[in-house]
Amino acid sequence: MSYKPSEQESKWKKYWSDNKVYKVTNDIDKPKYYVLSMFPYPSGAGLHVGHPLGYIAADIFARWKRQSGFNVLHPMGYDAFGLPAEQYAIQKGVHPAESTAENTAKYRAQLDNIGFNYDWDRSVNTSDPAYYKWTQWIFLEIYNHYYDYKAKTSKPISELITLFAEDGNINATASGSQEDIFTAEDWSAFSAKQKDDILMNYRLAYRKTGYVNWCEALGTVLANDEIQNGVSERGGHPVEKRAMMQWSFRTTAFAERLLKDLEEVEWSDALKAMQTNWIGKSQGAQLFFDIVDHDEKIEVFTTRPDTIYGATYMVLAPEHDLVSKIATKEQKAEIEEYLEYTNSRSERERISEVKEVTGAFTGAYAMNPISGEKIPVWIGEYVLKDYGTGAIMAVPSDDERDHNFANKYGLTITPVVDQSNYPNADRGDKVGTMINSGFLDGMKVKDAIKAAITKMVEMGIGQRKINYKLRDANFSRQRYWGEPFPIKYDNEGVSYALDQSELPLELPMVTDFKPTTDGNSPLNRATEWVNRDGYTMETNTMPGYAGSSWYFLRYMDPNNTEAFASKKALDYWQDVDLYIGGTEHAVGHLLYSRFVHKFLFDKGLVPTKEPFKKLVNQGMIQGVIESLYLNKENGEFYSEELVENEDNFAKINTHVDFVTNYSTTDSHLSSEGIKQFMSFRPDFMKATFRSSKGIMKNGVVEGCSEEDFKFVTVSEVGKMSKRYHNVVNPDDVVVRYGADCFRMYEMFLGPIEQSKPWDTKGIDGVYKFLKKFWGLYDDEIQGWLITDTEATAEQMKITHTCIKKVNDDIARFSFNTGVSAMMICVNKLRKLNTTSKDALEPLVRLIAPFAPFVAEELWHRLGNESSVHHAQFPIHEEKYLVEASKEYPICFNGKKKMMLNIASDLSQDEVIDFVKSNEDVKALLGETVIRKVIVVPGRMVNLVV
RNA sequence: GCCAAUGUGGUGGAAUUGGUAGACACGACGGACUCAAAAUCCGUUGCUAGCAAUAGUGUGAGGGUUCGAGUCCCUCCAUUGGUACCA
């Protein structure tokens with residue numbers, strides 16, 4: 001019979017499910033292997049063709065490991081809390097719980113369609129109270145601990161309280177932001193609120209003032225991502241910074257361990273570099289500057305204490321606490337105006353602006369503690385509140401941005417490093433000789449850094465310090481659809497943890513998901529839930545990464561009601577051996593997971609320091625984003641060919657379904673497409689669409705016929721996402737070609753790490769391959785072909801070459817070349833009319849991880865009773881691969897000139913003699929003399945002439 | 001701006017450790033089968049010149065190291081991801 005994927009696939013899907021073929025037990029006899037794909041956020045758009053790329057790779061790897069004798073854990077679940085569900089609720093009035101349930105069901109069906117070997121009995125959902133009970137439990141554990149930087153471990157906060165009662169905080173070795181020293185007497189005299197505030201300065205999960213992007217018009221907090229050019233992406237409303245009490249994780253306490261333990265994991269150098277740079281360790285000095293006529297000091301961190309004599313002014317972050325205190329009467333108006341400006345700027349805008357720096361003078365002066373000079377104190381947006389101390393000593397001679405700033409505002413620039421011996425050095429490079437710098441004059445920069453710190457310590461104005469770019473992770477969201485904090489407050493505002501017996505603290509039902517008018521979280525609307533027993537509940541919710549920071553542990557023991565996972569399960573499964581997911585999570589998710597995991601390790605709750613041993617980043621399958629140019633001045637749409645200066649235009653995204661010749665250079669909207677666009681974006685119902693062909697207004701075309709009208713759209717490669725309306729559903733591909741073909745095609749597209757735009761151009765080739773593969777075993781006319789005849793040496797060599805290559809390729813995650821090796825093998829065996837079972841049977845087991853359905857069908861037809869997915873994966877036998885001779889390229893100076901057949905058993909010298917004495921080589925050489933011969937065994941021969 | 005990745009035929013890509021550039025596939029072209037089409041099968045296909053053998057050239061651009069560079073180093077350009085409340 002012929003290859004019929006649709007019939008065979010539904011049959012085996014049922015068989016696998018009925019027979020629990022993919023059931024995983026905590027089986028201690030076999031070696032374990034844990035393969036994990038980053039779980040998806042179930043968005044309303046459904047799973048798109050980009051998601052399965054990494055899932056298929058993980059699935060193939062997991063199947064290969066199981067067939068190779070491992071007990072493989074390969075689970076899947078849903079990261080189900082998040083912003084999109086909430087926005088959908090605001091727009092459409094559907095409760096997030098409802099839309100999330102719908103979406104997860106849809107995802108499940110789509111995943112099942114692709115034939116993954118998940119044990120669904122182990123699935124998790126972060127928005128399920130049975131799951132988030134443990135997210136809340138972990139939060140409380142973190143809340144109830146502090147970090148002892150001397151012992152380098154997390155310890156119960158109760159121990160710190162005991163210490164305070166006995167000894168105050170003078171000898172505490174706890175990481176934190178507590179600045180004032182207090183005694184045991186002070187401690188016992190403090191009110192409950194004061195004690196709570198002090199403990200917050202030490203807890204690993206704590207509250208502090210943070211800034212959010214508040215959009216008054218939309219009545220909500222916005223992510224940086226939702227802001228474009230300083231206004232909200234939706235509607236273009238103004239956005240301002242607003243201070244609010246925010247929960248944070250004290251990730252900075254773990255900075256050194258997060259950095260150092262990267263050495264232990266098998267991640268790509270690129271990914272480690274990203275994490276390393278994110279943590280951003282730098283060594284330097286902490287310095288204090290006196291302010292003229294004020295008691296306060298300005299604390300700065302600098303990596304260049306050697307340049308202290310060049311510090312001719314200071315810059316504070318606009319949000320710095322001292323700004324309002326030190327600004328003079330004369331400068332107040334200017335400062336306020338400037339603050340208004342920075343308040344409207346996103347952090348990203350503030351950092352990326354390098355050429356055009358801005359600032360304002362506070363009117364106050366500080367004293368340079370070394371040179372003794374009086375220097376002006378400015379504020380400037382390029383200094384960030386959360387980085388370092390939120391203040392810098394500006395050295396315009398040796399820092400690019402300081403230099404631009406000083407030039408713009410006419411501030412003094414004193415050169416302190418002579419770089420004339422280093423013509424290629426940039427401003428700020430740590431090379432050169434100190435000048436104009438008192439006791440540092442004549443020193444090399446590196447020596448001057450050390451000497452300056454020594455001096456500063458002596459003078460008592462500063463000390464050596466290590467600074468991290470890493471900030472404590474903001475853990476609060478003024479949103480509805482997230483885990484509630486298991487925290488309550490009394491009337492004094494003192495925080496209390498809920499008792500474990502009160503967990504899970506379930507999210508209350510509300511119908512309005514917007515924050516209340518004062519900007520407080522939507523949970524404030526659930527007044528009964530908020531006020532209980534004289535206490536007020538915390539109404540912020542946890543961020544998206546709360547649930548995803550530990551889900552990999554829950555899969556080990558997903559239904560445990562006594563613990564997040566049993567010790568037995570944790571001891572068996574240990575950690576994730578292979579983690580596959582996108583680079584977009586390179587810092588966020590991976591860093592938070594590592595933080596939580598390390599905390600649990602400190603508590604002895606997990607057996608390993610790091611959660612993910614090996615990590616592979618799959619590339620993104622991108623979509624093409626199609627948009628229309630909108631003239632900002634007259635509000636009319638312009639076809640691409642009419643646009644000369646892009647700056648005058650905004651890009652309005654359109655659904656790709658309306659676009660003719662989508663994703664080509666000729667992508668455009670026809671008059672019909674424009675009509676679809678107008679009903680898709682009713683706010684543009686009355687808009688005018690100009691193109692070189694004609695004008696379309698109110699749905700009527702002028703200047704040409706309706707058929708001729710053509711409005712060219714802008715095509716850009718980018719994320720495949722609902723927000724860009726360019727999602728391609730894998731189901732459509734599976735219906736047409738089958739899951740096996742879809743799986744192999746996604747693998748065949750290219751290297752797993754590489755991003756590429758989705759297109760189906762080559763899928764026919766993979767489909768043809770599967771038909772040919774099937775045709776080796778079963779022919780439409782001749783029927784079943786497999787015989788017991790002995791395979792020829794040539795046939796066995798082909799099969800075993802392929803087995804070797806596929807094993808190698810899976811092991812190094814090169815799935816595309818694995819598929820191509822199988823194609824080569826099938827083409828060759830077909831040419832030889834191979835029917836021998838010896839040569840063909842191993843190939844069924846070989847293809848099983850890639851094409852599980854067709855493999856299962858053929859496996860059973862070959863007379864096997866159990867599933868091919870538990871059959872031994874083939875291993876090549878060396879005896880079939882030996883070759884007597886090989887074609888060698890003969891190169892002159894590295895350029896290939898001819899081929900020579902050389903016996904494999906010749907020594908290097910024999911090869912040289914053989915080549916030199918060859919008549920064709922002599923003829924090619926003519927008069928030229930061979931100076932040297934290089935033989936690369938198995939590769940090539942190079943004659944240097 | 002900063003951090004990271006990527007750039008090879010008309011297209012997706014291969015070349016695993018510095019050793020035959022373009023495997024495998026798509027597309028295109030030519031042919032077989034057919035009344036015809038689809039499907040299938042066979043052949044050609046980096047570019048330039050040539051009837052051809054062949055020669056030259058060729059891995060984003062420019063330089064360098066090497067017997068030999070897609071691969072290593074330097075500078076630059078373009079694209080993509082991240083940039084702390086999208087997940």
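Just so we're clear, the structure is a prediction, and the values are computed from it rather than from any experiment. Naming: A, B, ... by sequence-line order, numbering from 1 per chain.
- Toward the 5′ end of RNA chain B lies the nearest nucleotide of A/Met823, the other residue of the pair A/Leu943 and A/Met823 mapping further downstream.
- OP1 or OP2 of B/U40 sits under 4.0 Å from a side-chain N or O of A/Lys771.
- In this structure, A/Leu749 reaches the sugar-phosphate backbone alone: every heavy-atom distance under 4.0 Å involves primed, P, OP1 or OP2 atoms, never a base.
- Of the side-chain N and O atoms in A/Asn224, one or more sit less than 4.0 angstrom from OP1 or OP2 of B/A84.
- Contact annotation: A/Arg830 side-chain N/O to B/C41 OP1/OP2 distance is under 4.0 Å.
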Dot-bracket encoding of pairs in RNA chain B, which uses [ ] for pseudoknotted crossings and | for another strand, Watson-Crick or G-U under 3.5 angstrom = (((((((..(((......[....)))((((((.......))))))((((....))))..(((((..]....))))))))))))....
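- Not counting sequence neighbours, the partners of A/Asp764 by the side-chain contact (heavy atoms from CB on, under 4.5 Å) test are A/Tyr737.
- Comment: A/Glu216 engages A/Arg242 in a salt bridge, judged by a side-chain N to carboxylate O separation of less than 4.0 angstrom.
- For the P atoms, the distance from B/G19 to B/U71 is 11 Å, rounded to whole Å.
- In this structure, A/Gln622 places its CD atom 12 Å from P of B/G12, rounding to the nearest Å.
- Side-chain atoms of A/Gln275 stay outside donor-acceptor range of the base of B/C3, with no qualifying N/O pair under 3.5 Å.
- A/Ala586 comes within 4.0 angstrom of nothing in the nucleic acid, heavy atoms only.
- The base of B/C67 has none of its N or O atoms less than 3.5 Å from a complementary donor or acceptor on the side chain of A/Arg931.
- Look at B/G46: its glycosidic torsion is beyond 90° from 0, and that puts it in the anti range.
- Within 4.0 Å of A/Leu470, counting heavy atoms only, lies at least one base atom of the nucleic acid.
- Note: A/Tyr745 and A/Trp758 have perpendicular aromatic rings, judged against thresholds of 30 and 60 degrees for the angle between ring planes.
- The side chain of A/Lys896 contributes no N or O atom lying less than 4.0 Å from OP1 or OP2 of B/A21.
- At least one donor-acceptor pair under 3.5 Å links the side chain of A/Glu86 to the backbone N or O of A/Tyr480.
- If A/Lys831 and A/Lys895 are placed on RNA chain B by their nearest nucleotide, the residue sitting closer to the 5' end is A/Lys831.
- Judged by distance alone, the side chain of A/Lys281 and the main-chain N or O of A/Ile279 form no donor-acceptor pair under 3.5 Å.
- For B/G82, one of the phosphate oxygens OP1 or OP2 lies less than 4.0 angstrom from a side-chain nitrogen or oxygen of A/Lys719.
- Taking the C1' atom of each, B/G13 and B/A52 are spaced 33 Å apart, rounded to whole Å.
- Distance noted for atom C1' between B/C42 and B/C33: 11 Å (whole Å).
- As judged by a 4.0 angstrom heavy-atom cut-off over every strand, A/Glu746 is placed among residues making no nucleic acid contact.
- Among the protein residues, A/Tyr888 comes within range of no part of the nucleic acid, since none of its heavy atoms lies under 4.0 Å from any strand.
- The side chain of A/Arg471 places no N or O atom within less than 4.0 Å of a non-bridging phosphate oxygen (OP1 or OP2) of B/A84.
- A gap of 7 Å separates the C1' atoms of B/G22 and B/G9, to the nearest Å.
- Checked against the 6.0 Å centroid threshold, A/Phe405 and A/Tyr382 count as a close aromatic pair.
- Taking the ring centroids of A/Phe485 and A/Trp247, they lie under the 6.0 Å cut-off.
- Regarding contacts with the backbone of B/C2, every side-chain N or O of A/Asn277 stays at 4.0 angstrom or more from both OP1 and OP2.
- For the C1' atom pair drawn from B/C72 and B/G18, the interatomic distance equals 8 Å after rounding to whole Å.
- A distance of about 36 Å separates the P atoms of B/U17 and B/A53, rounded to the whole Å.
- Note on A/Val936: a base of the nucleic acid sits closer than 4.0 angstrom, heavy atoms only.
- Under a 4.0 Å N-O distance rule, the pair A/Glu319/A/Arg350 qualifies as a salt bridge.
- Aromatic ring centroids of A/Tyr78 and A/Tyr41 lie 6.0 Å or more apart.
- Nucleotides B/A25 and B/U79 place their P atoms 34 Å apart, quoted to the nearest Å.
- For the P atom pair drawn from B/C2 and B/U75, the interatomic distance equals 13 Å after rounding to whole Å.
- Residue A/Pro40 is out of contact with every strand shown, counting any heavy-atom pair closer than 4.0 Å.
- Look at A/Asn827 and you'll find a side-chain N or O under 4.0 angstrom from OP1 or OP2 of B/A25.
- Between A/Phe249 and A/Phe254, the ring center distance fails the sub-6.0 Å criterion.
- Side-chain N/O atoms of A/Asn942 and base N/O atoms of B/C67 include a donor-acceptor pair closer than 3.5 Å.
- Across all strands shown, A/Gln754 has heavy atoms under 4.0 Å from sugar-phosphate atoms exclusively, and none from any base.
- Nucleic acid contact for A/His585: base, since at least one base atom lies under 4.0 Å from a heavy atom of the residue.
- Counting distance only, with no hydrogens placed and no angle test, the side-chain atoms of A/Lys469 and the base atoms of B/U83 include no donor-acceptor pair under 3.5 Å.
- Nucleotide B/A23 holds its P atom 14 Å from the NZ atom of A/Lys828, rounded to whole Å.
- Within 3.5 Å, a donor on the side chain of A/Gln478 pairs with an acceptor on the base of B/C85, or the reverse.
- The residue A/Gly82 sits close only to the backbone: its heavy atoms come under 4.0 Å of sugar-phosphate atoms, none of a base.
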